[in-house]
Amino acid sequence: MNLSQEHLSVRTTCPYCGVGCGVRATPQGAQQASVAGDTAHPSNFGRLCVKGSALGETLGLEGRLLHPHVREDGVLRQVSWDAALDKVAAQWRAIVAEHGPDAVAFYVSGQLLTEDYYIANKLMKGYVGSANIDTNSRLCMSSAVAGHKRAFGEDIVPVSYDDLELADMIVLVGSNLAWCHPILFQRIAKAKEARPDLKVVVIDPRRTATCELADLHLSIKPGTDVWLFNGLLTYLHGIGAVDPAFIAAHTNGFDAALAAASITPEEVAQACRLKVEDVLAFYEAFAANAKVITGFSMGVNQSSAGTDKVNAIVNCYLVGGRIGKPGAGPFSITGQPNAMGGREVGGLANMLAAHLDLDNAAHRAAVREFWRSPTIAEKPGLKAVDLFQAIEAGTVKAVWIVATNPAVSLPDAEQVRRALAQCELVVVSDVVRDTDTNALAHVLLPALAWGEKDGTVTNSERRISRQRAFLPAPGEARADWRILAQFAQRLGYAGFDYAAVHEIFDEHARLSAWRNTPEQLPRMFDIGTLAGLDRAAYDALEPVRWPLGKTPFADGRYSHPDGRARFVATPPRLPVNQAGGEFPLVLNTGRLRDQWHTMTRTGRAPKLAEHTPEPFVDLHPQDALLCGVREGELARIGSNWGSMVARVRHGGGIARGSVFIPIHWNGQTSSDARVGALVNPVVDPVSGEPEFKHTPVMVDRFPVQWHGFVLSRAALGLEQVAYWTKAQGAGFSRYELAGRNRIGDFGAWARELLEVTDDDADWLEYSDRSAGVYRAVHLVDDRIVQCVFVSPRPDLPERAWLASLFASERLSDQERAGVLAGRPLRQGADAGPTVCSCFGVGRNTICNAIRENDLATSAQVTACVKAGGNCGSCVPEIRQLIAVVRAEAAEAAE
Ligand SMILES: Nc1nc2c(c(=O)[nH]1)N[C@H]1C(S)=C(S)[C@@H](COP(=O)(O)OP(=O)(O)OC[C@H]3O[C@@H](n4cnc5c(=O)[nH]c(N)nc54)[C@H](O)[C@@H]3O)O[C@H]1N2
Ligand SMILES: Nc1nc2c(c(=O)[nH]1)N[C@H]1C(S)=C(S)[C@@H](COP(=O)(O)OP(=O)(O)OC[C@H]3O[C@@H](n4cnc5c(=O)[nH]c(N)nc54)[C@H](O)[C@@H]3O)O[C@H]1N2
Ligand code: SF4
Ligand SMILES: [Mo]
């Protein structure tokens, strides 16, 4: 970046994960910008992971929702803002008048900015008078919230990022940090490089990329974490690694918790399907190191015992008084960019605002007085899963969904579709036009996207950072808070006439300080010193961590009325649904390195699509054998709730008895790969968080007659094809296909599929009817516009080389011949599937470099072929390739 660009660049925050990295964005023409890490931001000090680095590729207006729409007779029509909001207000008012305030609901998101979230919550709880506002954080952080509230009396994360560098041991439980919080992972990797003694333990049923850094990997039996941590508590007590003075002065409930936890290491090993040596190694290290951080994420929270898992972990800290000290503590790692901000404003259906409680009359009165609102919700609202059941049952008649895609991301996603299909009024505010949820909306409202909107987010370490606009508002899109405030005004509510977003932040900051004294309503969340910022001061706000100038719990005071923390008794219990019978395998679902949730934004970046262009089911080779499926072929995966189709894969470190499927694919990107349709809707009894990691399933062959793929500059209509998935390439779309009907006339079939109507089109083809192999290329002025490949088996040519041809203005004769031969005729032209997304370096290139230059470290690979030199997200994968290639070489040498 040169000086003049630096001058134009805007400092903002990444819109993806809870690490909350600082980004410098430099606008480049209309709706484009280049991005780089913000060296001054204390979360990332200038680094960005692969998703953050690719933000520039996600900004264009293609596919954006730019105008309000209303569905009439099944057809979406563009309307004015007034018409859209009048319609929503009229129907909303009528439903509330007839059925009461609990007949309407909001379903919002940890991807909203704090100010948007604040307004939605205030509108619903203080004005409509119902707490029927829940958020996708229910699916994500609610077990951690509930665990914190039980233990500490307040939802406080007692660890900061700096603690990671101070720790002597880091335990990661149910967290694939390498892929899901890459910059935190890199901070740990760097710390371990400097101090190889820093011990890393990973507790995950899968051998994930995160295990690359692990000294010890406990491949735990899914759902059994409570046994493991109960065993740790028992062990610590048994060897006297306890702090009796701390327990006596600052806690309650120790004896009951200890009694409920009682278990020997041998019993733990059996319950968790681990080696007793490994269990003991973990326990001994935990006892021996004072400074231990236990980072946990969805493998803990998303469980029917999620809240107990959290408390079982916290118990092990309370027993040694190891909270509020540098380099130690239980560390709930947040998923979404503003999961924390949502908790500050009380966005969950059982919370109020500013860490005040809905079930406390004094708290309700205080908030109502502060808001000067006509009413205040008296009882908790419906939690996400219950909310959609109430919609299907017809008790909730209107729902407004903001910044989340529940038709994909909720468990039993078919139920969500059914519910929305029969709901009287479904309003969706989103930034893109086509999503599975939008398809069921009556009213679609265009929201401003990242780069266009202004506000704040709070990251995993409670650090508030500004998201700043650096692009103009496109079309008629409006900020989420403004849409909601304008709606509130239409309903006749005072208290929503904000001129600008800093006024909302000011109100939020003041509410956090409202009656926040030891005598009145004390809570640790207090950002009162940030109240009163005018627009300029708000715009200049530097990242700031609360509680300001304090370390949570350093003084041994907790937020329960008696100032003490609570041990919580956590008798272990198995997941509600066990594998067996018709459904012998356990479905585990989670994330991939280069995609974000339902792909509405990351799916647009060619750079991000290459790493994993197709949905897959990963299972152990022996389970595959038992199910009769083979690697590379298609399988149908079914549960009691639904089914889907995906490509069979091995190599994801899956233990026997489990399968893993990524969460990202949906109706926009695949014919049938929405894993939410399979997931059981069982929830944790305390938090209401669904059991996303544990659904009994069966896996079976998905028989097809042919496999194929298409690369095409124009989009295809694929109604006739049994299996398809779509990924964005650079200048083309990539479709993987498979069909159940035998193809008669390949040429006619291909022309119809690719919509080639011109008889004189430059159309080259190769056909081997008896082998069932067909290849065709469509050129215009020597430039490739489409190609299609078909084979009876999934043994199709590598896509990477063909994809590279779309960048050239004309194909050479050698390339034309190569396309029809199904392989490059020039040696070394096929780079293989992408490993390093930042520099577009393929697997073949990396493996050749390792082989030819005898490379032994990822740094050497970077020096040689650049891979891994930018964001570092692919370094774990490069290390794996080094191991594989070197093992092959050693074998060959023998
Ligand atoms: N690339 C990428 N990064 C993301 C996101 C994304 O979509 N893409 N989303 C963000 C969001 S919102 C979130 S919530 C986070 C999630 O971040 P993570 O929680 O790290 O990610 P997941 O892949 O959902 O699951 C974590 C791990 O839990 C393991 N697990 C499953 N069952 C059990 C169990 O019973 N016990 C234990 N100990 N482990 C188990 C899984 O095998 C998996 O490896 O990621 C954030 N970051
Ligand atoms: N099977 C399974 N399911 C899961 C999980 C799992 O591990 N397994 N994890 C769960 C978890 S932890 C999470 S967090 C959820 C995530 O699930 P979702 O929240 O449903 O996923 P996203 O794709 O992030 O949806 C965000 C939507 O908001 C839109 N959007 C983006 N920015 C804005 C904005 O500024 N304003 C508005 N109005 N809209 C915007 C996007 O286009 C997109 O449609 O998935 C949950 N579902
Ligand atoms: S780690 Fe990556 S996705 Fe997360 S905030 Fe940083 S750049 Fe964004
Ligand atoms: Mo999440």
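Worth knowing before you read on, the calculation uses all heavy atoms, side chains too, and leaves out hydrogens, waters and symmetry mates. As the structure lists them, so they are numbered: ligands from 1, and atoms in each ligand from 1.
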### Query
What atoms of ligand 2 come within less than 4.0 Å of a heavy atom belonging to Cys140?
12 (S), 14 (S)
### Task
Would you check whether Arg593 has a nitrogen or oxygen atom less than 3.5 angstrom from a nitrogen or oxygen atom of ligand 1?
yes
### Task
Return the residue, atom name and 0.1 Å-rounded distance of the protein heavy atom closest to atom 11 (C) of ligand 2.
Arg591 NH2, 3.3 Å
### Query
Short N/O distance, under 3.5 Å, between Ile220 and ligand 1?
no
### Query
Near Thr598, which atoms of ligand 2 are under 4.0 Å from a heavy atom of that residue?
21 (O), 22 (P), 23 (O)
### Summary
Nearest non-hydrogen protein atom to atom 10 (C) of ligand 1, with distance, is Trp596 CZ3, 3.3 Å
### Message
Between Tyr117 and Trp481, is the ring centroid distance below 6.0 Å?
### Response
no
### Message
Check contact between Val300 and ligand 1, using heavy atoms of the residue and a distance below 4.0 angstrom.
### Response
no
#### Entry: N or O contact, Val173 vs ligand 1, cut-off under 3.5 Å
no
### Message
Quick check with a 6.0 Å cut-off and a 45 degree axis cone: is Arg206 positioned over the face of Phe660's six-membered ring?
### Response
yes
### Query
Sub-3.5 Å donor-acceptor pair from the side chain of Asp38 to the main-chain atoms of Gly46, do we have one?
no
### Query
Does any N or O atom in Thr224 lie less than 3.5 angstrom from one in ligand 1, N or O only?
no
### Query
With only distance considered, is Leu592 within less than 3.5 Å of ligand 1 through an N or O on each side?
yes
### Query
What are the protein N/O/S atoms, named by residue and atom, that sit under 2.8 Å from atom 4 (Fe) of ligand 3?
Cys17 SG
### Query
Considering only the protein, which heavy-atom contact is closest to atom 47 (N) of ligand 1, and what is its distance?
Cys180 O, 2.8 Å
## Note on the structure
Residue set satisfying side chain to side chain donor-acceptor pair (under 3.5 Å) with Lys607, at least two apart, ordered chain then number -> none
### Summary
Of all protein heavy atoms, the one nearest atom 13 (C) of ligand 1 is Gly335 CA, 3.2 Å
### Task
Out of Val226, Asp225, Val50, indicate the one that has the non-hydrogen atom closest to atom 38 (N) of ligand 1.
Asp225
### Val402 neighbourhood, listing ligand 2 atoms whose heavy-atom distance to it stays under 4.0 Å
38 (N)
### Message
Applying a heavy-atom cut-off of 4.0 Å, say which part of Ile663 lies close to ligand 2: side chain, backbone, both or neither.
### Response
side chain
#### Entry: Taking atom 12 (S) of ligand 1 as the reference point, the nearest protein heavy atom with its distance
His597 NE2, 3.1 Å
### Query
Met141: heavy atom below 4.0 Å from ligand 1, yes or no?
no
### Query
Has His694 got any heavy atom lying under 4.0 angstrom from an atom of ligand 1?
no
#### Entry: Atom indices of ligand 2, in the order listed, that fall short of 4.0 Å to a heavy atom of Lys693
7 (O)
### Task
Specify the protein heavy atom at minimum distance from atom 35 (O) of ligand 2: its residue, its atom name, and the distance to 0.1 Å.
Lys453 NZ, 2.9 Å
#### Entry: Nearest option to atom 44 (O) of ligand 1, as decided by whichever heavy atom of Asp204, Asn176, Leu177 sits closest
Asp204
### Task
Considering only non-hydrogen protein atoms, determine which one is nearest to atom 26 (C) of ligand 1 and report residue, atom name and distance to 0.1 Å.
Gly174 O, 3.3 Å
### Enumerated ligand 2 atoms positioned under 4.0 Å from heavy atoms of Ser409
3 (N), 4 (C), 17 (O), 18 (P), 20 (O), 45 (O), 46 (C), 47 (N)
### Ligand-residue contact atoms, ligand 2 with Ser429, heavy atoms, under 4.0 Å
37 (C), 38 (N), 39 (N)
### Task
Taking only heavy atoms of Ala447 into account, list the atoms of ligand 2 that are under 4.0 Å away from them.
36 (N), 37 (C), 38 (N)
### Query
To which protein heavy atom is atom 42 (O) of ligand 2 closest, and what is the distance rounded to 0.1 Å?
Asp430 OD1, 2.6 Å
### Task
Give yes or no for whether the N/O distance cutoff of 3.5 Å, strictly under, is met between His664 and ligand 1.
no
### Query
Quick one: which of Gln302, Gln111, Met298 has a heavy atom closest to atom 7 (O) of ligand 2?
Gln302
### Query
Which residue owns the protein heavy atom closest to atom 2 (C) of ligand 1, what's the atom, and how far is it?
Gln595 O, 3.4 Å
### Query
Does at least one non-hydrogen atom of Lys221 fall below 4.0 angstrom from an atom of ligand 1?
no
### Message
Pairs of nitrogen or oxygen atoms closer than 3.5 Å, one from Gly223 and one from ligand 1: do any exist?
### Response
yes
## Note on the structure
Note: ligand 2 atoms sitting under 4.0 Å from heavy atoms of Asp480 are 34 (C), 35 (O), 36 (N), 37 (C), 38 (N)
